[in-house]
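Down below is the structure, laid out as structure tokens.
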Amino acid sequence: MKIAVYCGSAAGNREAFTIGAVALGVWIAEGGYTLVYGGAQGGLMGTIANAVLSNDGKVTGVLPDVESIKKRRHPGLTAYIETKDMAERKAKMMEIADAYVALPGGPGTLDEISDVIALARLGIDGKPCVLYDLDGFYQPLKKVFEKMIDSGFAYQEDFRNVLISSDIEEIGAFIEKRRMEKK
């Protein structure tokens, strides 16, 4: 199984973010899964890649052909896919992933996970979407989702492929359950 992880190219300012990225990377490697991510060596991106690689896991980096971004490429990638731009990178990651997990991050992370949640809602891409809620990072977004439902812009069913959790075991069980239901 290939798990696309969206996360910051910065580490953020809470130790919980780094600890969670390492835990997720170890879980991916120990499960025999492949990490698919933005390919950078810094921030939470580098942290999760290093955790996967140091536990004998596989890491696929997907980077756009942009010089400033290519300079940040992780040197230890198992596989490397180059795309022409960020839009193609996002599409390629969605194409090859079996599940999506968002660690804390900035606007790019939010854009990527929002896109897959919207596609799941429309029935276009029903792969599991997880918001790894380290240190309560995704609680404000959870409230926005609840407000969407309360305001009549979405239904509870629209979020059936979405989990907001800080528990790796719950995340793993959710991904496996959703994948089995899809078969």
Any donor and acceptor pair, going by atom type alone, linking the side chain of [X] with main-chain N or O of [Y] inside 3.5 Å?
X      : Y      : value
Tyr100 : Tyr6   : no
Asn55  : Gly57  : no
Ser151 : Phe153 : no

Self-check item: salt_bridge(Asp133, Lys142) N-O dist < 4.0 Å
Solution: no
Practice problem: Look at Asp98 together with Lys127 and state whether they make a salt bridge at an N to O cut-off of under 4.0 Å. | Solution: no
Examine [X] and [Y] and state if one hydrophobic cluster contains both, with Ile, Leu, Val, Met, Phe, Trp and Tyr joined whenever side-chain heavy atoms are less than 4.5 Å apart.
X      : Y     : answer
Met86  : Ile81 : yes
Trp27  : Ile19 : no
Leu110 : Val5  : yes

Rounded to the nearest 0.5 Å, how far does [atom2] of [Y] lie from [atom1] of [X]?
X      : Y      : atom1 : atom2 : result
Tyr33  : Ile175 : OH    : CD1   : 7.5 Å
Ser165 : Glu170 : OG    : CD    : 3.5 Å
Cys129 : Phe174 : SG    : CZ    : 7.5 Å
Asp125 : Glu95  : CG    : CD    : 11.0 Å
Ile168 : Tyr132 : CD1   : OH    : 3.5 Å

For [X] against [Y], the heavy-atom pair lying closest together:
X      : Y      : value
Gly39  : Leu63  : CA-CD1, 3.5 Å
Val26  : Ala51  : N-CB, 4.1 Å
Ala21  : Leu44  : CB-CD2, 4.1 Å
Lys58  : Thr78  : CA-OG1, 3.5 Å
Arg179 : Pro128 : CG-CG, 4.1 Å
Ala154 : Phe159 : CB-CE1, 3.8 Å

Self-check item: Greater than 12 external heavy atoms within 6.0 Å of Tyr80's OH
Solution: yes
Quiz item: Considering residues, nucleotides and ligands other than Glu15, do more than 12 of their heavy atoms fall under 6.0 Å from its CD?
Solution: no
Practice problem: State, with a plain yes or no, whether a side-chain heavy atom of Ile28 is found less than 4.5 Å away from one of Ile48. | Solution: yes
Quiz prompt | Aromatic ring proximity Phe137/Phe17, centre distance under 6.0 Å | solution = yes
